[in-house]
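Working notes, beginning with the structure itself.
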2 protein chains.
Amino acid sequence: MLRGRKSSNIIEYRTRNGPFKDLHSVMNVPLIKHKTTEVVFNSILNPADRSERRKPKVQAVKFIKPQIERKRLEEASSVVSLVFGTNKIAWAHLERGRSVLEWQQEECDRFLRGAYQASVYLEDISPVVAKIPEADFFILEKPGISLQNTNLFPIMLHLRTVEAMLYSLLGARFQQDGQQRVLSMARTAVGKHFELMVGECRTSGAELVRQLLSDSVTQKHPRVAFPQSMVVRYRNMFRLGVRNHREEMCDALLQALAFYELLEGD
Amino acid sequence: MLRGRKSSNIIEYRTRNGPFKDLHSVMNVPLIKHKTTEVVFNSILNPADRSERRKPKVQAVKFIKPQIERKRLEEASSVVSLVFGTNKIAWAHLERGRSVLEWQQEECDRFLRGAYQASVYLEDISPVVAKIPEADFFILEKPGISLQNTNLFPIMLHLRTVEAMLYSLLGARFQQDGQQRVLSMARTAVGKHFELMVGECRTSGAELVRQLLSDSVTQKHPRVAFPQSMVVRYRNMFRLGVRNHREEMCDALLQALAFYELLEGD
């Protein structure tokens with residue numbers, strides 16, 4: 001109930017003055033005010049209260065924040081995975097059967113240009129959010145930039161701004177009955193799942209995406225199924241040698257796939 | 001129409017090859033593709049187009065971002081000014097006649113505690129936004145922390161996250177007909193207006209707020225009018241010697257007042 005200085009103050013007070021003579025004298029202890037005593041006394045009189053207040057244990061899924069009941073995640077019939085970079089937002093809409101329903105990106109040209117202005121970010125992000133399809137969960141990439149690297153501060157400020165806006169706009173658009181539907185997924189968890197990590201760094205997932213696109217045509221039970229119309233377009237887009245800067249799109253697709261695969265294999 | 005390398009490429013091409021023989025040959029110039037030529041030729045054929053596209057000049061109000069038509073600001077019948085700190089959000093609802101309609105703050109205890117999590121921020125900020133009253137404009141304090149001071153970086157990340165979420169949630173709640181209603185106001189502009197600056201730093205506005213509360217009772221035409229019920233409560237709250245940490249509330253009120261006074265005196 002009490003930790004740190006409050007509890008040590010009580011011990012110190014009793015050592016000096018002996019046991020408390022009445023309930024009221026507890027309030028002579030430094031830091032212990034009316035509210036604290038009320039909470040403590042209540043917890044003694046109604047011990048049940050405390051266990052009731054304890055949150056029911058959820059089976060935590062490590063790679064997803066905030067903590068959410070595993071069952072709800074497993075029952076998701078489709079998720080939209082979003083990945084944002086310095087000037088674009090990409091998303092993949094993947095259903096539980098691993099069919100890609102939508103996969104695209106939007107340019108946000110004014111990101112990181114000139115002075116940071118919340119209104120500019122809002123103007124760029126709102127129309128993107130308006131295009132995001134309905135899904136059971138919206139999974140945002142959790143970028144892992146260390147606070148130690150001061151050179152990357154501006155990038156980090158930028159990414160957190162985009163993250164904060166996506167969280168609140170998606171929340172405002174899709175939230176219902178108070179259920180959390182916007183989640184974060186650790187970028188490194190996805191990287192490790194697909195063996196894309198070199199040390200602490202995650203390497204490009206483009207090669208893997210190319211493979212997935214090929215497999216989708218050649219294999220009977222591919223890991224991810226793309227609609228026929230998509231495969232042709234995207235195989236051209238992602239073919240080797242094309243400098244297309246579509247890393248965010250690759251990452252969005254891989255993150256959606258990792259979400260289902262990690263839940264299954266966990 | 002064309003700037004930079006595109007225009008210098010055209011000059012270089014003409015220097016080497018002489019005048020263009022036909023319209024199509026323009027596309028031989030490096031960097032000039034079909035789309036560029038279309039835009040340029042169109043602007044020659046329909047010169048009117050161009051001037052039409054020019055935005056009408058707005059009378060810029062320096063201390064407010066984004067740029068907004070002065071007339072719209074002046075016609076605002078009431079504004080809500082919001083100031084956020086490390087663990088609270090304060091707001092003042094002030095009408096054009098300088099009567100305070102609402103003035104309060106909400107604690108956001110989980111800000112800056114433990115790991116930054118967008119979902120926690122959203123959970124703390126959403127209920128605050130739900131309490132914000134309707135107004136013509138919502139003015140957020142633009143905190144002025146320099147990127148140079150790396151120690152303050154966590155604070156800056158925090159403030160930008162709150163700013164980004166307030167922008168998008170207020171936008172989602174109140175935006176209509178695409179009109180910008182969430183604005184930012186430079187903290188130093190308010191500081192200068194009330195002579196609260198010492199060098200580059202803004203000092204506390206609490207003393208000034210105490211004065212305004214007093215004047216509201218004693219003067220016939222006070223700078224700000226508080227409803228009678230508010231004055232008693234707030235004079236106790238802000239009386240000298242009370243360590244109440246209500247800086248954000250003071251700042252929110254002063255910012256709202258500065259908004260009207262600066263517009264008048266500008």
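Below, chains carry the letters A, B, ... as their sequence lines are ordered, and counting in each starts from 1.
- Both the backbone and the side chain of B:T161 come within contact range of chain A, judged by heavy atoms closer than 4.5 Å.
- A ring-centre distance under 6.0 Å is not found for B:Y116 and B:H158.
- Of the charged side-chain nitrogens involved, none lies within less than 4.0 Å of a carboxylate oxygen, so that B:E102 and B:K131 do not count as a salt-bridged pair.
- Relative ring orientation between B:F138 and B:F174 is described as parallel, the plane-to-plane angle staying below 30° on a 0-90° scale split at 30° and 60°.
- Between chain A and the options B:A172, B:P66, B:S119, the largest number of non-hydrogen pairs under 4.5 Å is found for B:S119.
- Using a 3.5 Å distance cut-off with no hydrogens or angles, the side chains of B:Y167 and A:S168 do not pair a donor with an acceptor.
- Annotation: maximal heavy-atom pairing with chain B below 4.5 Å, among A:E123, A:E163, A:R173, occurs at A:E163.
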